[in-house]
Peer 1: 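Below is one structure. I have some questions about it.
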Amino acid sequence: MSEYPCILIAEDELPTRNGVLKALQSWSQGKVNLHTVENGLEAFQYRKIHPVDLLITDIRMPGLNGIQLLERLRKEGLETTSILLTGYAEFEYARKAMALGAVNYILKPVEYQSLIAAVEEAFETRKLWKQSHTDSALAMPQVHNDSIRKALIFISSELSNPSLGIRDVAEHIHLNSSYVSVLFKEETGQTFSDFLTRQRLSKAKELLLGTDMRIYEIAERTGFSSSKYFVKVFREAETLTPKEYRNDRKKIQEKSGSDRDENA
């Protein structure tokens, strides 16, 4: 069984289904198992056999719509944390679904930021991250203030944006930037700038060890303004360049594997 959580996407429209899949692939960086189906019946059959941590389902689907899917899952004792994809005219259905395991709904056409924010909120509130994610850049510190919790979700979704600043965060949660700066430090124990840098470095380490991406690609993916600046910040934090860090850790992993083989 995989150590990673599973997200099942049920959507009959191919462009929307592929769009949601690609957005979650980019966001999760291989840390989430993703599976897609074309309708509610396929989703139900998949859920009967496989564990699913989060279901993202369209409301309007042929055969078995999103509401009927949730009702059938409940009847079979297979209730699953769910997020609905819905149109403006379907708010009544969305409200009904909230009583059937749905934790949020997203208006179509689906926007990347809204999708990621809803998924991260579901993962955080329902504790869906497995233990292996606790050191990941995707994991967030535990905070008590709801505005700061929303800020952390927003920061995570905007990590690749090199111009991300406290004003952007404050505007997103509709608070004064000076107040957000103070509140952020109180809740996380870090300044916004320090937190953002640490998150970017943590994500960069994941990509250095888990992918073959080039240094400049990792710099872009983690929101550093240039590969030169990325190397500078990384060296200051780790006393190694990103390339040296990758090579050093790979040597340690290879030696560890060799030692285990000898002792087997």
Peer 1: For Ser82 versus Leu70, what's the shortest heavy-atom pair and its separation?
Peer 2: OG-CD2, 3.3 Å

Peer 1: Indicate yes or no: at least one non-hydrogen side-chain atom of Leu196 is less than 4.5 angstrom from one of Ile155.
Peer 2: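 Yes, their side chains come closer than 4.5 Å.
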
Peer 1: Any donor-acceptor pair under 3.5 Å linking the side chain of Asp168 with the backbone of Gly165?
Peer 2: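 Between the backbone of Gly165 and the side chain of Asp168 there is a qualifying donor-acceptor contact (under 3.5 Å).
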
Peer 1: Is Leu159 close to Thr222 at the side-chain level, that is, under 4.5 Å between some pair of heavy atoms?
Peer 2: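 No, too far: nothing below the 4.5 Å cut-off.
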
Peer 1: Quick one: do Glu238 and Lys205 make a salt bridge, cutoff under 4.0 Å?
Peer 2: yes

Peer 1: Kindly say whether Glu11 contributes a backbone atom to a donor-acceptor pair with the side chain of Arg17 at under 3.5 angstrom?
Peer 2: yes

Peer 1: Would you say Thr57 and Asn65 make side-chain contact, with heavy atoms under 4.5 Å?
Peer 2: no

Peer 1: Nearest heavy-atom pair of Val180 and Ala170: which atoms, and what distance?
Peer 2: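 Smallest heavy-atom distance, with atoms named: CG2-CB, 3.8 Å.
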
Peer 1: What's the separation between atom CD1 in Ile7 and atom CG in Asn33, rounded to the nearest 0.5 Å?
Peer 2: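 Between Ile7 CD1 and Asn33 CG, I get 9.5 Å after rounding to 0.5 Å.
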
Peer 1: Passes salt bridge (charged side-chain N to carboxylate O under 4.0 Å, His left out), Lys108 versus Asp58? Steps please.
Peer 2: CA-CA 9 Å; Lys108 298 172 73 174; Asp58 190 9; 3.2 Å; yes

Peer 1: For the pair Tyr46 and His35, name the ring-plane relationship: parallel under 30°, tilted 30 to 60°, perpendicular over 60°.
Peer 2: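 Correct class here is parallel.
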
Peer 1: Can Lys232 and Glu236 be said to form a salt bridge (charged side-chain N to carboxylate O under 4.0 Å, His left out), step by step?
Peer 2: CA-CA 6 Å; Lys232 176 180 180 294; Glu236 289 176 352; 2.9 Å; yes

Peer 1: In terms of heavy-atom contacts, does CD of Glu111 have more than 12 from other residues, nucleotides or ligands at under 6.0 Å?
Peer 2: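 Open: at most 12 neighbouring heavy atoms sit under 6.0 Å from CD of Glu111.
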
Peer 1: Using a 6.0 Å cut-off, check whether atom CD of Glu171 has over 12 heavy atoms from anything other than its own residue.
Peer 2: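 No - once you tally the heavy atoms of other residues, nucleotides and ligands closer than 6.0 Å, there are 12 at most.
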
Peer 1: Is there side-chain contact between Leu55 and Leu69, with at least one heavy-atom pair below 4.5 Å?
Peer 2: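 Result yes, sub-4.5 Å side-chain heavy-atom pair found.
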
Peer 1: To the nearest 0.5 Å, tell me how far Asp12 CG sits from Leu64 CG.
Peer 2: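 Interatomic distance, Asp12 CG to Leu64 CG, rounded to 0.5 Å: 12.0 Å.
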
Peer 1: Please step through side-chain contact (heavy atoms from CB on, under 4.5 Å) for the pair Phe44 and Val37, ending with a clear verdict.
Peer 2: CA-CA 10 Å; Phe44 177 70; Val37 293; over 6 Å; no

Peer 1: Taking the side chain as everything from C-beta on, heavy atoms only, tell me whether Leu164 gets closer than 4.5 Å to Arg200.
Peer 2: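 The answer is yes; the side chains approach within 4.5 Å.
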
Peer 1: To the nearest 0.5 Å, what is the distance between OH (Tyr105) and OG (Ser114)?
Peer 2: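 It is 11.5 Å, given to the nearest 0.5 Å.
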
Peer 1: How about Ile56 and Val119: do any of their side-chain heavy atoms sit closer than 4.5 Å?
Peer 2: yes

Peer 1: Please check this pair: side chain of Asp53 against backbone of Cys6, looking for a donor-acceptor N/O pair closer than 3.5 Å.
Peer 2: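 It does hold such a pair.
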
Peer 1: Has the side chain of Ser28 got a donor or acceptor atom that lies under 3.5 Å from a matching backbone atom of Leu24?
Peer 2: yes

Peer 1: May I ask you to decide if Lys22's main-chain N or O and Ser26's side chain share a donor-acceptor pair within less than 3.5 Å?
Peer 2: no

Peer 1: Would you call Gln68 and Met61 a side-chain contact if the rule is heavy atoms closer than 4.5 Å?
Peer 2: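 Gln68 does not reach Met61 side chain to side chain.
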
Peer 1: Please determine whether residues Tyr216 and Leu207 belong to a single hydrophobic cluster, defined as Ile, Leu, Val, Met, Phe, Trp and Tyr linked transitively by side-chain heavy-atom distances below 4.5 Å.
Peer 2: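 Unlinked, Tyr216 and Leu207 end up in two clusters.
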
Peer 1: Of all the heavy-atom pairs spanning Thr191 and Lys185, show the shortest one and how long it is.
Peer 2: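 Smallest heavy-atom distance, with atoms named: N-CD, 3.7 Å.
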
Peer 1: I need the Leu85 CG to Ile9 CD1 distance, nearest 0.5 Å.
Peer 2: 9.0 Å

Peer 1: Quiz question: by atom type and distance under 3.5 Å, do the side chains of Glu120 and Ser156 form a donor-acceptor pair?
Peer 2: yes

Peer 1: Has Glu76 got a side-chain atom pairing as donor or acceptor with Leu73's backbone, closer than 3.5 angstrom?
Peer 2: no

Peer 1: Would one find more than 12 heavy atoms of other residues, nucleotides or ligands at under 6.0 Å from atom CG of Asp146?
Peer 2: yes

Peer 1: For Phe154 and His172, take the angle between the two ring planes, folded into 0 to 90°, and tell me which bin it lands in: parallel under 30, tilted 30 to 60, perpendicular over 60.
Peer 2: parallel

Peer 1: Spell out, as yes or no, whether a donor-acceptor pair under 3.5 Å connects the side chain of Thr36 to the backbone of Leu34.
Peer 2: no

Peer 1: Heavy-atom distance under 4.5 Å between the side chains of Leu183 and Asn145, does that happen here?
Peer 2: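 Side chain of Leu183 against side chain of Asn145, heavy atoms only: contact under 4.5 Å found.
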
Peer 1: Run the salt bridge (charged side-chain N to carboxylate O under 4.0 Å, His left out) check on Lys150 and Glu121 step by step: do they pass?
Peer 2: CA-CA 8 Å; Lys150 291 178 181 178; Glu121 184 171 6; over 6 Å; no

Peer 1: Working note: Trp27 + Leu115, criterion side-chain contact (heavy atoms from CB on, under 4.5 Å); need CA distance, chi angles, decisive distance, verdict.
Peer 2: CA-CA 10 Å; Trp27 164 77; Leu115 172 66; over 6 Å; no

Peer 1: For the pair Lys228 and Ile215, evaluate side-chain contact (heavy atoms from CB on, under 4.5 Å) and give the outcome as yes or no after the intermediate values.
Peer 2: CA-CA 10 Å; Lys228 183 177 180 180; Ile215 301 302; over 6 Å; no

Peer 1: Please report the closest heavy-atom contact between Ala219 and Ser227, naming both atoms and the distance.
Peer 2: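 Shortest heavy-atom contact: CB-CA, 3.8 Å.
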
Peer 1: Between Glu217 and Arg214, does the salt bridge (charged side-chain N to carboxylate O under 4.0 Å, His left out) criterion hold? Intermediate values first, please.
Peer 2: CA-CA 5 Å; Glu217 292 176 320; Arg214 297 177 181 274; 5.1 Å; no

Peer 1: Output yes when a side-chain donor or acceptor of Arg246 lies under 3.5 Å from a complementary backbone atom of Leu208, and no otherwise.
Peer 2: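 Yes, the answer is positive, given that a donor and an acceptor are paired below the 3.5 Å cut-off.
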
Peer 1: Rounded to the nearest 0.5 Å, what separation is found between the CD atom of Glu186 and the NE2 atom of His144?
Peer 2: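 Answer rounded to 0.5 Å: 12.0 Å.
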
Peer 1: Less than 3.5 Å apart, any donor N or O on the side chain of Thr197 or Asp194 sitting next to an acceptor on the other?
Peer 2: no

Peer 1: Where is the tightest heavy-atom contact between Thr81 and Ala122, given as atom of each residue plus distance?
Peer 2: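 Shortest heavy-atom separation between Thr81 and Ala122 comes out as CG2-CB, 4.5 Å.
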
Peer 1: Please give me the minimum heavy-atom distance between Asn104 and Ala118, naming the atom from each residue.
Peer 2: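 Looking at all heavy atoms of both residues, the closest pair is ND2-CB, 3.9 Å.
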
Peer 1: Could you state the interatomic distance from CG (Leu240) to OH (Tyr245), rounded to the nearest 0.5 Å?
Peer 2: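 It comes to 9.0 Å.
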
Peer 1: Before giving the answer on side-chain contact (heavy atoms from CB on, under 4.5 Å), spell out for Phe234 and Thr241 the whole-Å C-alpha distance, their side-chain angles and the decisive distance to 0.1 Å.
Peer 2: CA-CA 6 Å; Phe234 196 97; Thr241 66; 5.9 Å; no

Peer 1: So that I can tick it off, tell me whether Arg74 and Glu71 are bridged by a salt bridge, with the cut-off set at under 4.0 angstrom between side-chain N and carboxylate O.
Peer 2: no

